Amino acid sequence: MPKTLIYKFGGASVKDPESLRNLAEILRNRLRNQLVIVVSAMGKTTNGLESILSKKLNGEDYSENSAILKNYHKVVCQDLFPEIHPIFAQLDNLFLQLDNDLEKELSKMNYDEFYDQIVSFGELVSSRIVAEYLCLQNLIVLWQDARSVIHTDSDFRFAKINWEKTRKSCQDKWKPLLDNFPILTQGFIGSDPKGKTTTLGREGSDFTAAILATSLDAGSVTIWKDVPGVLNADPKLFPNTKKFDELGYREAAEMTYFGASVIHPKTIKPLANSGIPLFVKSFLAPEALGTKIHESAAPHQVPTIVLKKDQVLVSFKVTDFTFIEEKHIHRVYEQLQSLKLRVNMLQLSAISISIVIDTQLFKLDQLISKLRDEFEIRYNEGLELLTILHQKEEEIPALLEGYEVLLEQSSRNSFQVVRRKN
Ligand code: ASP
């Protein structure tokens, strides 16, 4: 029996009719039993759903946003399917369900729980469209709901995996199906012990691919991207990038930890633990080699640039003329954790704690209101966090030209600055 393979197609690879046709072409000579295809929401649908949610939260009218989202999916389907195809009725049903869910009284529910119920919709609708389109192309796949095998806790928006239960469901429910069919499913979503929908964190579909790979003892995972593989910088932001033909798990994990968006940070660990190789390949050049991430890759010293945008620098100063002590750090971290905010950079001085976090709707206000009695708090928004791994000192000034530097940290193997455009 051949080993299971996992393919993951992100939002950019299913964003329009052309992309879906391309996806079908990639699968044409690769489709086989024991293949699981994981898809994200189409294009920027998840962002669109987040905007609807933020409008609802502000008591604003979101009907135009939901109409735009519906029309986007419909127009894609009109291009791909004959007029009488059942996909159109499925779309109507799904959007009706979304509208009903959105009408629920928000104050009666936990916001994060509501968020998961709404944003999961993007993957549910895209997976229906992709599965139906592949079948129409005679590429027969079995649509499966990821929530039936991806079991999580109830930490909505950042749900943690119940690995044992997930493995059991994958082995019992999907492994036998895979003997006869390829499966097409959703990334990003799971279900809690009560069967409620959960999500694994933004961009979490890569992680889904890794979870399924370990739980199904897969031979490899392939993430299909709009770049030729893992590069030493984002080609949209920096010139002269270099592709890595191979990378070790540790190096890849380090890059994602600092914010390289090519792979979701949680993806590497489960694969490394199970020794499953990860391929990052271009959906525009599927025959090209891409990058192989595996155990035995040779180490390298190529300078690697990672840029994280939309950062906020928050500084906490003690108000009583004392110095920063462990208890102060503990207080700040406690609140960050309760708000599910991850620290991207930390700097301590005798009198202040400075942290850099991602901009997230309402979270900064909540953080400040929780800690304003204990600290004098200042913040700067709209910043970028630039990390250079294996830095070459002489190349750094050019990267900072035209920017004001607010915070800087360096070690032998990494250099980080928080910067703002002048
Ligand atoms: N659709 C989700 C997001 O945009 C998950 C993913 O694409 O990986 O965050």
Side-chain angles (χ1 to χ4, degrees), residues 6-16 19-20 23 36-54 65-66 68-70 72-73 76 94-95 98 101 112 114-131 145-147 150 152 155-161 184-191 197-213 221-227 230 234 252 256 259-271 278 280-281 283 308-310 340-342 358-361 363:
I6 315 285
Y7 282 1
K8 182 257 169 175
F9 289 93
S13 51
V14 289
K15 71 174 192 295
D16 53 24
S19 318
L20 266 111
L23 187 153
V36 181
I37 305 155
V38 176
V39 296
S40 293
M42 287 167 57
K44 304 271 178 234
T45 298
T46 311
N47 292 352
L49 290 162
E50 281 193 346
S51 311
I52 291 177
L53 274 168
S54 96
N65 298 56
S66 77
I68 290 173
L69 215 53
K70 180 171 182 186
Y72 166 49
H73 287 86
V76 171
L94 280 162
F95 275 95
L98 174 70
D101 286 351
D112 290 343
F114 189 66
Y115 175 99
D116 282 358
Q117 202 174 316
I118 300 299
V119 297
S120 54
F121 174 82
E123 268 68 15
L124 289 172
V125 69
S126 76
S127 62
R128 281 284 175 204
I129 295 174
V130 179
D145 192 328
R147 293 171 296 184
I150 304 277
T152 71
D155 190 5
F156 296 101
R157 294 186 74 175
F158 302 93
K160 317 263 168 344
I161 299 299
L184 187 130
T185 193
Q186 313 78 36
F188 186 47
I189 67 174
S191 63
T197 303
T198 55
T199 63
L200 311 178
R202 284 299 311 264
E203 312 293 334
S205 297
D206 292 353
F207 185 36
T208 302
I211 298 162
L212 293 173
V221 173
T222 305
I223 296 182
W224 296 91
K225 304 272 308 180
D226 57 355
V227 285
V230 180
D234 183 344
T256 64
S261 58
V262 64
I263 313 162
H264 186 276
K266 287 189 186 161
T267 311
I268 309 287
K269 190 175 165 202
L271 297 179
L278 168 64
V280 179
K281 283 169 74 97
F283 58 72
K308 249 173 133 43
K309 294 189 173 188
D310 299 321
K340 299 175 189 170
L341 284 166
R342 197 189 85 149
D358 292 346
T359 304
Q360 274 192 50
L361 198 64
K363 297 268 167 127

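Only heavy atoms go into these numbers, but all of them, side chains included; no hydrogens, no water, no symmetry mates. Just so you know, these numbers come straight off a predicted model, no measurement behind them. Indexing begins at 1, ligand by ligand and atom by atom, following the structure's order.
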Discussion item. Suppose I only count heavy atoms of F188 and a 4.0 Å limit; which atoms of ligand 1 are within that range?
Written reply: 2 (C), 5 (C)
Worksheet item: So, T198 and D116: side-chain donor and acceptor under 3.5 Å apart, yes or no?
Response: no
Practice prompt. Please say whether more than 12 non-hydrogen atoms of neighbouring residues, nucleotides or ligands are located less than 6.0 Å from NZ in K44.
Written response: no
Worksheet entry | K269 atom NZ, neighbour heavy-atom count above 12 within 6.0 Å | no
Discussion item. Show me which atoms of ligand 1 lie under 4.0 Å from any heavy atom of S40.
Written reply: 6 (C), 7 (O), 8 (O)
Item to complete: Establish, yes or no, whether a centroid distance under 6.0 Å links the rings of F121 and F95.
Response: yes
Worksheet entry | Heavy atoms from other residues, nucleotides or ligands near NZ of K340 exceed 12 (cutoff 6.0 Å) | yes
Worksheet item: Would one find an N or O of T46, backbone or side chain, under 3.5 Å from an N or O of ligand 1?
Response: yes
Worksheet entry | Heavy-atom gap G204 to ligand 1 smaller than 4.0 Å | yes
Worksheet item: So is H264 close enough to ligand 1, meaning a heavy atom under 4.0 angstrom away?
Response: no
Fill in: Which of the ligand 1 atoms, numbered from 1, are nearer than 4.0 Å to a heavy atom of S205
5 (C), 6 (C), 7 (O), 8 (O)
Worksheet entry | Heteroatom proximity flag, D206 to ligand 1, N/O under 3.5 Å | no
Practice prompt. Output yes when R342 and D358 qualify as a salt bridge under the 4.0 Å nitrogen-oxygen rule, no when they do not.
Written response: no
Practice prompt. Run the numbers for me: atoms of ligand 1, each under 4.0 Å from some heavy atom of R202, listed by number.
Written response: 3 (C), 4 (O), 9 (O)
